[in-house]
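Counting convention: from 1, in listed order, for ligands and their atoms alike. Since the model is a prediction, treat every value here as computed from it, not as a measurement.
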Amino acid sequence: MSVASWARHRRDRWADVALVDALVWSFREACIGAGVAQAVDAPIAGTGFRAPEITHVELGPPVRLTVRMPPGMVPAALRRAGPLVAPHLGGVALRVTDRGHGWALVDVLTVDPLADYVPLHLPRTGPAVLIGRGEDGLDITEDWRRGAHTIVQGVTRSGKSVWTYGALAQLAAQPDVLITGCDPTGLLWRPFAMSRHAGWQVSGLADLAAHEALLRRLVDEMDRRVRELPTDRDTIAVDLERPMLVVVLEEYPGLLRAVDAAEKDLGKRIRALVGRLLAEGAKVGIRVVILAQRAEAAVVGAFERAMCSLRISFRTDNRASVELLHPGTDVQVADAHTSAEPGIALMSAPGRELTRIRAPYLGGYPEYTAAIAGACA
Ligand SMILES: Nc1ncnc2c1ncn2[C@@H]1O[C@H](COP(=O)(O)OP(=O)(O)OP(=O)(O)O)[C@@H](O)[C@H]1O
Ligand SMILES: [Mg+2]
């Protein structure tokens, strides 16, 4: 090694040591500031903090920290505080991997892990439907057979329809699934014309009674299935004879506005029918999917909301809208979501804490039309 390169090597090493020191200090301070710390009162030393502690640093890039959580704290707390801590480490997000026994691996990400499109490649096999990709880069799938009902909200142009296109294109290809429902916009069902699903779909707002008739038919089918339940079973297994009925209510508030304006009792009856599907349908193979710009009480009451176990919020116009579907969401996370890009959503599902996802992107309407044609062929 020449003297010059040795000197450079030493300088670099020295800079690295200084950087590691700065990271350790900033991380501790940011954790305390974000509330991921415990205040400890000591009679002599005054108030101190027990905060997550960095035990090892890989400078990468990406910067990777090995972190020990203080007793009584789990890495999930650090994950939730990620958006608050990351900027102080020169990143935009933290990817926190729980290694057990209070240890975590923390990657400091310098670009939003959801910045890239998630293309949806069809056909996909298996009952699990790709519904998004998480910040950890892993695909998130939903098996509609095991789940219950779904509600999706988001302001206009936030990605609700694109998400629905992707989910329907996958579901329509499953032979024991029937795609049904009400679409006041008239766009969702157009590609299904002539398919086996078309008889169970109502489009547009010209004939409002047709929407009621369809929902009544679905409730009758539900009642029939409940009556036919074998005495030793409380759920049915869906099959070709008794397909899973996925009831999509696209732009549901728009439908309600139209029926309320047309005839007072029609709105009441439609709400009652949807309420019954939500309350009693899940065990006999009926899955409702409600789409709305805002899941407010006038559209879906607390009862209906509670029946929806999969909840997805694309960009909302304020923090309160996030609270509607994801109670207890961190204020910063909810506020940040008011400027989310199209296709980025917050998702709650059973057994999973609030997850930020990017919805798969099938393409525009032409790709949707082609995908449904392919799935129904
Ligand atoms: N997952 C995604 N990935 C990338 N871009 C997306 C994604 N979802 C939506 N977009 C973009 O956002 C646009 C609007 O999306 P979409 O039509 O789904 O909105 P919407 O929520 O249904 O709005 P509206 O309430 O007006 O019907 C799309 O045309 C597309 O360009
Ligand atoms: Mg839409």
- request: Please identify which atoms of ligand 1 are closer than 4.0 Å to at least one heavy atom of Gly159.
  value: 8 (N), 9 (C), 15 (O), 16 (P), 18 (O), 19 (O), 20 (P), 21 (O)
query: Which of the atoms of ligand 1 are close to Ser161, meaning less than 4.0 Å from one of its heavy atoms?
result: 17 (O), 18 (O), 20 (P), 22 (O), 27 (O)
message: I'd like to check which ligand 1 atoms, numbered from 1 as shown, lie under 4.0 Å from a non-hydrogen atom of Arg358.
response: 3 (N), 4 (C)
- prompt: Between Arg225 and Glu221, is the closest basic N to carboxylate O distance under 4.0 Å?
  reply: yes
Note: Glu251-Arg257 ion pair, threshold 4.0 Å (strictly below): yes
- prompt: Taking only heavy atoms of Ala359, which atoms of ligand 1 are found under 4.0 Å from at least one of them?
  reply: 1 (N)
field: Any donor-acceptor N or O pair under 3.5 Å, side chains His326, Ser313
entry: yes
query: Any N/O/S atom, backbone or side chain, of Thr185 lying under 2.8 Å from the Mg ion (ligand 2)?
result: no
task: Check each heavy atom of Gln293 against ligand 1 and say whether those closer than 4.0 Å belong to the side chain, the backbone, both or neither.
output: side chain
query: For atom 18 (O) of ligand 1, what's the nearest protein heavy atom and its distance?
result: Val162 N, 2.8 Å
statement: Quick look: Val155 vs ligand 1, heavy-atom contacts under 4.0 Å, and the answer is backbone
task: Flag the pair Arg216 and Glu212 as a salt bridge only when some basic side-chain nitrogen lies within less than 4.0 angstrom of an acidic carboxylate oxygen.
output: yes
field: Minimum-distance protein heavy atom relative to atom 26 (O) of ligand 1
entry: Thr156 OG1, 2.5 Å
field: Proximal candidate to atom 21 (O) of ligand 1 [heavy atom criterion; set Lys160, Glu250, Glu341]
entry: Lys160
Per atom 23 (O) of ligand 1, closest listed option by heavy atom (Arg133, Arg157, Arg315): Arg157
- line: NZ of Lys160 to CZ of Arg315, rounded to nearest 0.5 Å, is 9.0 Å
- request: Take every heavy atom of Ser158, measure it against each atom of ligand 1, and state whether any distance is under 4.0 Å.
  value: yes
Arg358 with Asp112: basic N within carboxylate O range, under 4.0 Å: no
task: Apply side-chain contact (heavy atoms from CB on, under 4.5 Å) to the pair Leu310 and Met347, showing each step before the final yes or no.
output: CA-CA 7 Å; Leu310 177 60; Met347 182 190 103; 4.0 Å; yes
